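Both backbone and side-chain heavy atoms feed into the values below; hydrogens, waters and symmetry mates do not. For this chain, numbers begin at 1 and follow the sequence in order. Note that the structure is predicted; figures quoted are calculated from it, not measured.
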Amino acid sequence: MGILEKISEIEKEIARTQKNKATEYHLGLLKAKLAKYRAQLLEPSKSAGAKGEGFDVMKSGDARVALIGFPSVGKSTFLSLMTSTASEAASYEFTTLTCIPGVIEYNGANIQLLDLPGIIEGAAQGKGRGRQVIAVARTADVVVMMLDATKGDVQRELLEKELESVGIRLNRTKPNIYFKPKKGGGLSYNSTVPLTHCSEKLVQLILHEYKIFNAEVLFREDSTPDEFIDVIVGNRVYMPCLYVYNKVDQISIEEVDRLARRSHSVVISCGMKLNLDYLLERLWEYLALICIYTKKRGERPDFNDAIIMRRGASVEHVCHRIHRTLVGQFKYALVWGTSTKYSPQRVGLTHIMEHEDVIQVVKK
């Protein structure tokens with residue numbers, strides 16, 4: 001019995017089992033087994049054949065966005081519209097066969113946009129270059145999921161399922177669970193909140209499935225068994241995702257309104273170039289980038305050349321970006337902008353910068 005057969009057997013068993021108090025341990029165990037087999041499936045086989053052509057593209061720019069979607073939803077058209085790169089677009093499926101990079105220039109930042117080949121159902125098992133596509137998606141900062149508005153919600157559910165099964169968690173935060181395997185001393189189990197999904201017995205059963213008998217576990221939030229398994233496995237990627245519904249010019253205005261009101265969703269039309277500017281605004285929000293301008297003493301700020309940083313960056317991060325020796329010579333900085341109480345404010349290295357702040361560094 002191969003791994004794929006085992007996975008489908010367990011999935012059928014989970015679907016058959018009723019969810020109640022009596023079956024929660026059984027379900028928890030099945031989920032742990034399922035996660036284990038899926039991890040085995042993703043590991044490359046030991047007897048690898050001749051090396052194929054590389055698929056990943058070197059990271060460049062300030063951020064990286066991966067375009068994922070089924071064949072023929074308009075990914076290549078979108079790339080050609082947003083960047084100066086021309087990706088072949090045609091009305092048949094699988095026009096794009098490899099990863100094509102492009103660069104969006106927005107707010108002074110260079111955002112790398114990757115046009116990936118279309119995903120088909122069963123991509124997580126390696127169908128239609130699915131594994132390579134998903135591996136590239138794991139390295140991105142944000143996933144843009146292109147969906148055909150005329151197909152309803154079917155595509156969204158299928159793609160979420162494929163990404164879920166390879167350990168990509170969309171628009172979710174890492175579970176607040178402390179887990180540390182130990183050499184001995186058995187299982188130390190604690191929680192700071194009342195738990196409704198997990199119990200000590202279930203945690204023990206899941207850990208035994210992974211052959212872990214000595215560990216320290218502390219739940220700081222009410223998590224599900226699935227989230228606990230994610231913490232044990234430890235190779236999960238939590239990333240923001242923007243659902244983009246293309247071809248809205250082919251559906252009714254009521255349907256457009258319904259799709260636009262869904263969380264993390266944007267409606268566009270690449271054919272008629274509708275709503276693309278709003279999509280860029282939302283993408284900037286999801287990337288959590290900020291622009292910071294520098295100023296020399298006695299001169300006007302340089303608004304042509306911004307330093308692009310992540311939201312939450314401090315003055316120290318900005319100094320490192322300007323020059324690595326600057327922190328050693330740092331005396332104080334003057335900052336103008338929304339992060340200060342008054343302008344200019346004299347700040348230290350720990351001051352958190354905000355979008356479009358101006359900074360002047362004074363050295364010792």
Side-chain angles (χ1 to χ4, degrees), residues 55 57 63-83 87 89 93-96 99-102 104 111-124 127-173 236-248 250-251 255-256 258-271 274-276 278-288:
F55 195 79
V57 176
R64 183 180 231 188
V65 175
L67 266 180
I68 283 187
F70 279 95
S72 265
V73 290
K75 296 187 296 297
S76 300
T77 315
F78 177 71
L79 182 87
S80 305
L81 278 175
M82 299 306 245
T83 69
S87 179
E93 298 193 339
F94 296 107
T95 320
T96 309
C99 179
I100 297 169
I104 303 175
I111 300 163
Q112 187 182 34
L113 187 67
L114 300 180
D115 177 19
L116 298 168
I119 282 185
I120 54 174
E121 209 178 333
K127 282 188 192 169
R129 299 206 87 172
R131 265 192 216 170
Q132 292 104 309
V133 171
I134 288 166
V136 174
R138 282 175 79 101
T139 65
D141 298 305
V142 169
V143 168
V144 169
M145 201 182 276
M146 284 293 258
L147 304 162
D148 191 334
T150 57
K151 300 269 170 68
D153 296 333
V154 186
Q155 291 191 343
R156 179 168 175 167
E157 282 158 22
L158 282 170
L159 278 174
E160 279 176 346
K161 193 178 156 201
E162 290 298 331
L163 295 179
E164 191 85 12
S165 64
V166 293
I168 296 176
R169 304 284 179 260
L170 302 175
N171 296 323
R172 296 218 311 251
T173 53
R236 303 297 189 234
V237 181
Y238 298 87
M239 55 169 60
C241 173
L242 198 54
Y243 301 98
V244 177
Y245 290 93
N246 187 20
K247 307 183 185 177
V248 291
Q250 296 173 19
I251 56 173
E255 183 68 5
V256 172
R258 188 185 72 80
L259 293 174
R261 286 178 191 281
R262 296 192 67 176
S263 58
H264 312 290
S265 300
V266 177
V267 290
I268 63 162
S269 167
C270 288
L274 299 174
N275 214 20
L276 295 174
Y278 175 64
L279 171 57
L280 271 180
E281 274 176 43
R282 288 293 296 272
L283 194 56
W284 180 264
E285 254 173 64
Y286 276 65
L287 285 167

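L276 contributes atom CG, which lies 5.0 Å from atom CE of M82 (distance to the nearest 0.5 angstrom). Put simply, CG on L159 and CD1 on I168 are 11.0 Å apart, with the number rounded to the nearest 0.5 Å. Rounded to the nearest 0.5 Å, atoms CG (D148) and CG (N246) are 7.0 Å apart. Taking CG of L170 as the reference point, atom CE of M145 lies at 5.0 Å (rounded to 0.5 Å). Note: K75 NZ to M146 CE = 8.0 Å, rounded to the nearest 0.5 Å.
In terms of heavy-atom proximity, C270 sits nearest to T77 at CB-CG2, 4.0 Å. Nearest heavy-atom pair, M239 versus A140, reported as atom, atom and distance to 0.1 Å: CE-O, 3.3 Å. Among all heavy-atom pairs drawn from F70 and Q155, the shortest one is CE1-O, 3.6 Å. Contact record, L283 with V142: CD1-CG1, 4.1 Å, taken as the closest heavy-atom pair. Counting all heavy atoms, side chain and backbone alike, L163 lies closest to I68 at CD2-CD1, 4.2 Å.
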**Message:** One pair to check against side chain to side chain contact (heavy atoms under 4.5 Å, CB included): L242 and L279. What are the steps and the verdict?
**Reply:** CA-CA 9 Å; L242 198 54; L279 171 57; 3.6 Å; yes

Report task. List the steps, then state whether side chain to side chain contact (heavy atoms under 4.5 Å, CB included) holds for F78 with L113. Result -> CA-CA 10 Å; F78 177 71; L113 187 67; 4.0 Å; yes

Verdict with supporting geometry, L259 and I251, side chain to side chain contact (heavy atoms under 4.5 Å, CB included): CA-CA 11 Å; L259 293 174; I251 56 173; 3.9 Å; yes

Practice task
Under the salt bridge (Lys or Arg N to Asp or Glu O under 4.0 Å) rule, what do K161 and E164 come out as? Steps first, then yes or no, please.
Solution key: CA-CA 5 Å; K161 193 178 156 201; E164 191 85 12; over 6 Å; no

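Q250 pairs by the side-chain contact (heavy atoms from CB on, under 4.5 Å) definition with T150, K247, not counting sequence neighbours. For V154, the side-chain contact (heavy atoms from CB on, under 4.5 Å) partners are L158, not counting sequence neighbours.
At distances below 3.5 Å, at least one donor-acceptor pair connects side-chain atoms of N275 with backbone N or O atoms of V267. Although no hydrogens or angles enter the test, the distance criterion places a donor-acceptor pair under 3.5 Å between the side chain of N171 and the main chain of C241. Under a 3.5 Å cut-off, the side chain of Q112 and the backbone N or O of P101 do not form any donor-acceptor pair.
Geometrically, R262 does not engage Y243 in a cation-pi contact, judged by NZ or CZ lying under 6.0 Å from the ring centre and within 45° of the ring axis.
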